[in-house]
Every structure is written in structure tokens, then in C-alpha cells.
Amino acid sequence: MPGAPGATPAPAPSGPLSRLRAARRTWREGHPTAARVLRDGVTVLAAVLVLAALLLPNRMHMRPAQFVRIPVEALFGAALLVTLPRRWRLLAAWVCGLGLGALTVLNFFDMGFYEFLGRRFDIVIDWALLGDAKSYLNDTLGKGGTTAVLLGALVLVLVLIVLIALAVVRLGELLARHRHTTGRTLLILSMVWMVCAVLGLRIDGVPLASQHSIALARSRAEAVRDTLRDEREFAKTAKADAFGNTPPAQLVPDLRGKDMMFTFIESYGRSAIEDPVMAPGVNKTLAASTEALAKSGFHARSGWLTSATYGGSSWLGHSTFLSGLWIDNQNRYRTVTNSDHLSLTKAFRKTGDWDTVGIMPGVQKGWPEAKFYGLDKVYNAFQMGYEGPKFSWSTMPDQYALEAFQRLEHGKKRDKPLMSEIILTSSHQPWAPVPKMVDWGEVGDGSVYDSIEKAGKRPGDVFYDSTKVKQEYGRSIQYSVTALTQFLQRYGDKDTVLVFLGDHQPVAKVSGDGADHQVPVSIVAKDPKVLDKIADWHFTEGLRPAKDAPVWRMSSFRDRFLTAYGSTPHPSKG
């Protein structure tokens with residue numbers, strides 16, 4: 001009792017952690033009902049969090065039925081935690097919880113990749129794309145907004161992983177305290193799971209007996225193995241080239257003397273021509289442009305190509321088209337662009353009969369790939385004299401980029417014809433604001449676009465509305481096609497040959513879930529002999545390919561083109 005002789009007072013809690021524990025104990029003793037409700041509520045939330053993580057799909061579009069299944073991983077995990085002594089149980093719970101948290105984060109990565117690129121996240125090679133995502137955010141949100149988004153995302157990832165791990169630890173301790181009840185419950189649930197699995201019972205098409213997380217983990221392990229194997233095998237494939245040893249004089253002899261333009265229109269996909277929201281405006285522009293070109297003496301043939309990429313990663317489409325190889329990931333891209341493989345553009349340089357140039361308004365840093373593409377000179381975003389505003393991600397309007405091309409290269413007198421690779425960027429997402437055509441004589445240094453950019457729509461007002469984003473995407477394609485075809489009318493001549501295509505379909509928000517990877521490709525020329533050479537391709541007349549026009553893999557175009565214009569194969573072996 002207090003004050004009694006010989007009594008030793010209890011030591012006061014020392015340290016912040018001890019004081020916190022003492023305060024919690026005191027609060028629980030003073031508020032037993034509230035403490036019990038809080039404890040039970042946290043336990044329920046922990047169970048919900050773990051079950052949701054075990055059943056979470058890796059696609060944006062979810063159904064309630066996917067979250068009412070019995071996950072076999074929970075049954076195995078509970079059985080393991082109940083049987084282990086406390087020290088090992090805590091260790092196992094933390095390991096399993098952190099692993100489940102990491103798998104959940106990867107599922108969210110998958111959701112984003114499926115939504116924007118039409119495929120899952122590759123944990124071996126796709127980390128390099130995070131730098132491009134940061135650049136995209138910088139262009140659309142500014143550095144301050146990008147920093148806030150990235151910090152917020154990092155905090156959310158860490159908090160999610162830690163919360164799931166803590167939830168597993170809490171549930172493991174609860175199950176161990178009620179070992180006998182847990183054992184009986186696990187036995188019953190295991191029997192129910194086996195019955196559902198054997199009978200194939202489903203709800204809304206989803207199996208009640210789930211092995212979702214195990215299947216995802218297994219598929220990721222297989223994907224890692226496949227990626228590493230593909231990297232080794234593709235290095236050999238890239239060395240083999242049907243035209244690798246073709247003498248310069250035997251490359252594209254039927255195009256000697258022609259000014260060649262290979263032009264990519266960003267995100268110009270089949271959906272632009274066939275989707276009911278975008279198609280009316282885009283097809284009207286294609287018809288008007290076909291007619292205007294015909295009045296200037298130009299004629300076109302058009303078909304379809306299946307791109308190696310979807311929604312983004314344009315460089316994969318560019319390299320697939322020009323290399324004749326299927327470049328659908330970053331490893332393949334690095335391998336082929338660091339090799340001596342003959343790109344279509346390099347074939348013109350190899351002949352010695354063309355000057356070669358690249359117009360790259362989207363390039364804002366060093367670009368060593370110029371060597372692979374055989375470009376004598378490259379103009380990036382900072383080398384075309386543009387003094388106007390950016391249009392979201394696009395550094396300059398397509399009309400300006402083309403006028404700069406005319407001023408810097410195309411309009412100059414030269415001893416050789418010119419081969420150019422041109423990347424047009426005005427149709428890059430988020431498709432707001434979209435530039436407008438101005439009189440070609442007023443383009444100047446680009447200052448004329450200040451008022452157009454200010455009057456344009458903002459990305460946040462467009463991108464998240466499914467109808468508006470389709471409408472603005474369609475407008476951007478109309479703008480790019482109009483700028484390119486007007487350039488050809490204004491500056492092209494009897495020796496100009498234009499090949500233009502889309503690099504990939506737009507994101508799923510625009511092209512639709514499950515859209516194909518097809519893009520239009522057109523060849524335009526005044527000289528009828530140029531189009532006669534591809535008569536057996538059976539392409540559609542004009543700039544709009546027919547619905548039943550030929551569909552080729554994009555990687556097949558290089559060899560078909562080289563062959564059509566007189567190139568003789570001399571293979572190099574891998």
C-alpha cells in the first residue's frame with residue numbers, strides 16, 4: 001500500500017515507446033467497450049484488406065463476383081501461420097505480407113499498362129519506361145505537379161505494402177490465439193473449396209475456388225524467364241537480315257532521283273477511321289485531302305499494318321516499321337538500334353545517292369539511334385527555331401515542324417535527292433489543346449500559335465471524359481493529316497514520294513477495350529510508276545484504306561517495300 005514501510009514504487013515508463021504503450025493500456029482500461037469495438041474493427045479491416053489483395057484483378061474493369069471467391073492462398077497461409085512457433089510465425093507473416101503487398105502493387109502497375117499500352121507490366125524491362133512517364137507528367141502537369149504526383153505515388157505504394165504486411169501479422173496472431181477454432185474453420189473451408197473446384201462452380205462466370213494470386217505469381221515468373229530467353233534469342237535474330245549484304249547499287253534502284261518522306265503520325269490508328277465518334281470528321285478530312293492531292297497531281301494507295309505497340313511507346317512502332325523486325329519491348333529496341341541491322345531509312349543512305357535527315361520534334365535529349373536509322377543530320381525539338389508555346393506534350397505544332405523542314409532542308413538546292421524521316425507529334429495524348437492550321441506564310445517562328453494555345457482546351461477538361469477525349473483525338477488526327485497533305489501540295493513535285501502511317505492505336509479510353517493494333521499506311525506520289533510498282537499489294541485508292549484492305553504485320557513492310565522497288569536480297573546470317 002502507498003507509504004508502507006519497505007514498499008518499492010513501480011518504475012515510471014521510460015522512453016517514448018514505453019510511454020505510448022502505457023497510455024494505450026490506460027485508455028483500454030478506461031474505455032473497455034470502445035477498445036473492443038476498435039480492436040474488432042481493425043481486425044475486420046485487416047481481413048478485408050488481405051482478401052481484397054488476394055483476389056484483386058490486374059485489369060481496371062472489375063466485377064463484384066471476383067471478390068466473393070475462396071482464395072486457396074488464404075487457406076494455405078492460415079494453416080502455415082497456425083502451426084509455426086511465435087518467432088517463426090511473425091517472420092513468415094512479414095514475408096508473406098510484404099510479398100502480397102508487392103504483388104498487389106504490380107497488379108496496379110498492370111492496370112495502368114493495360115489501360116495505356118494494352119499489355120501487362122514487365123518487371124524485367126519496363127522500369128525504363130518510368131522515366132518516360134515522368135517526362136510526360138512534366139509536360140502535362142509541370143515539374144511541381146509531377147513532383148507531387150510521384151511523391152504521392154511512392155508514399156501510397158509504401159503505405160499499401162506495409163499495411164498489407166501488418167494486416168497479415170495481425171491475422172496470424174489472431175488465428176494462433178484461437179488455434180482450435182481456426183483448425184475447424186480451415187477444415188470446413190478447405191472441403192468447400194475442393195467441392196467448388198471439382199464441380200467447377202462459378203458466380204457470374206468467375207470460379208468460386210480461387211488460385212488467383214498463385215496464378216499471377218506463376219505467370220510473372222514465367223514472364224521473367226521468357227523475357228530473358230527472348231533477349232538472348234532476339235540478339236541472334238537481329239543479326240540475320242535478308243538485305244544485310246545487298247550491294248548499294250542493288251538497293252531501291254527504282255526510286256533513284258526521288259525525294260523520299262517517311263512520316264509517322266502519332267497515335268493514328270484504325271479507330272480514327274472506324275469509331276462512330278471520330279470517323280465522320282477524320283474520314284471527311286481524308287476524302288477532302290485525297291481530292292485536293294489529286295487536283296495537284298498526287299495519287300495515293302492505302303492499307304493496314306499491325307503495330308508492335310499499342311497506346312504508347314511510339315519508338316517500338318517506328319523501329320518495327322523501319323527494321324523489318326518485331327520490336328515489341330525495350331530490350332529488343334536496344335538490341336536492334338545498337339546493331340548493324342539495315343533499317344529502311346539506312347538503305348537509302350547506304351546507296352550514297354541520297355542525303356538523309358530526321359525531323360524529330362519529340363526528341364528533347366541525346367538520340368544515338370540516329371546512327372541506326374542512317375540519318376546524316378537530325379533536328380530535335382530545340383533545333384528548329386520554334387519560339388511558340390508547347391501544346392501539352394507536343395513541343396510544336398505539326399505545321400510548324402513541316403515548315404521548318406522546308407526551310408532547313410527540303411527547300412534547299414542540293415546535288416542529291418533527300419530522304420527524310422519525320423515524326424509528327426500534335427496527335428499525342430492528352431489531345432488538348434489541339435493546334436489549328438494557319439496560313440503557311442504566317443507560321444514564322446511559331447509565335448502565331450500563342451493565342452491558339454491559350455484559347456484551346458485543357459487536358460483535365462478533356463482526357464477524363466470518354467466522349468470529349470475521342471472528339472479531341474479525332475480533331476488532332478484531322479489536323480495532322482491536313483498539315484501533312486497541304487505541305488505535299490505546297491512543296492511537293494513530280495519526284496516527291498510520301499509514305500506515312502500511324503505508329504500505334506490510341507489508348508483504350510479512345511480506341512476501346514480489346515481494340516486491335518492496326519494502323520493506316522499510305523503511299524503518295526505524282527509519278528504513276530511509283531504506285532504501279534505496288535499494284536500487286538492491292539491497296540485501296542486514296543488516303544482511306546477500305547475495311548477489307550490488306551492487313552500486314554508492320555515488321556513485313558520493310559522487305560516488301562525494298563523488293564517492290566527493285567532491291568536484290570543478299571542475306572547476312574545471324
Check your understanding: Among S394, S314, S427, whose side-chain hydrogen bond (donor to acceptor under 3.5 Å, both in side chains) with E266 holds?
Key ->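 Between E266 and the candidates, side-chain hydrogen bond (donor to acceptor under 3.5 Å, both in side chains) is satisfied uniquely by S314.
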Review point. Of S267, S271, S511, which meets side-chain hydrogen bond (donor to acceptor under 3.5 Å, both in side chains) against Q505?
Key: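 Only one option passes, and that is S271.
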Tell me whether the centres of the aromatic rings in [X] and [Y] are closer together than 6.0 Å.
| X | Y | value |
| --- | --- | --- |
| F557 | F262 | no |
| F405 | H410 | yes |
| W440 | Y400 | no |
| Y373 | W367 | yes |

Point to revise | Qualifying residue for side-chain contact (heavy atoms from CB on, under 4.5 Å) with V434, from S480, S426, S476 | key: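 Passing option: S476.
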Closest non-hydrogen atom pair, [X] against [Y]:
| X | Y | result |
| --- | --- | --- |
| P433 | R458 | CG-NH2, 3.7 Å |
| G474 | V282 | O-CG2, 3.7 Å |
| S323 | V336 | CB-CG2, 4.2 Å |
| K258 | P417 | O-CB, 3.4 Å |

Review point. Step by step, would you call N107 with N58 a side-chain hydrogen bond (donor to acceptor under 3.5 Å, both in side chains)?
Key: CA-CA 5 Å; N107 283 343; N58 61 348; 4.9 Å; no
Check your understanding: Picking from W537, W304, F321, what satisfies ring-ring contact (aromatic ring centres under 6.0 Å, His included) with W552?
Key ->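 With W552 as partner, ring-ring contact (aromatic ring centres under 6.0 Å, His included) holds for just one option, W537.
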Review point. Checking salt bridge (charged side-chain N to carboxylate O under 4.0 Å, His left out) for the pair K470/D275: CA distance, chi angles, key distance, verdict?
Key: CA-CA 9 Å; K470 287 188 174 189; D275 183 275; 3.1 Å; yes
Charged N-O contact under 4.0 Å between [X] and [Y]:
| X | Y | answer |
| --- | --- | --- |
| K239 | E233 | no |
| D532 | R301 | no |
| E409 | K377 | yes |
| R220 | D110 | yes |

Practice item. Applying salt bridge (charged side-chain N to carboxylate O under 4.0 Å, His left out), run through D527 and K494 and close with a yes or a no. Key: CA-CA 6 Å; D527 186 348; K494 63 182 179 62; over 6 Å; no
Exercise for review: Supply the atom-to-atom distance E387 CD to D450 CG, rounded to the nearest 0.5 angstrom.
Suggested key: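 E387 CD to D450 CG: 10.0 Å, rounded to 0.5 Å.
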Check your understanding: Could you give the distance from CZ (R270) to CG (D516), rounded to the nearest 0.5 Å?
Key ->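 Nearest 0.5 Å value for the CZ-CG distance: 6.0 Å.
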Counting neighbours of [atom1] on [X] that are heavy atoms of other residues, nucleotides or ligands and sit closer than 6.0 Å, is the number greater than 12?
| X | atom1 | result |
| --- | --- | --- |
| K346 | NZ | yes |
| D340 | CG | no |
| K526 | NZ | yes |

Are [X] and [Y] close enough that some pair of their side-chain heavy atoms sits under 4.5 Å apart?
| X | Y | value |
| --- | --- | --- |
| D241 | R558 | yes |
| L316 | D328 | no |
| L424 | Y268 | no |
| F298 | T290 | no |
| R332 | N329 | yes |
| D493 | T496 | yes |

Practice item. Could you walk me through whether K371 and D376 pass salt bridge (charged side-chain N to carboxylate O under 4.0 Å, His left out), step by step? Key: CA-CA 8 Å; K371 180 181 178 182; D376 297 320; over 6 Å; no
Review point. For R560, does its backbone N or O pair with a side-chain atom of T563 as donor and acceptor, under 3.5 Å?
Key: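 Checked: no pair found.
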Review point. What residues, two or more places apart in sequence or in another chain, satisfy side-chain contact (heavy atoms from CB on, under 4.5 Å) together with Q383?
Key: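 Applying side-chain contact (heavy atoms from CB on, under 4.5 Å) to Q383 gives Y379, N380.
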Check your understanding: So Y386 and Y449, would you call those rings parallel, tilted or perpendicular, with 30° and 60° as cut-offs?
Key ->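 Y386 and Y449: tilted rings.
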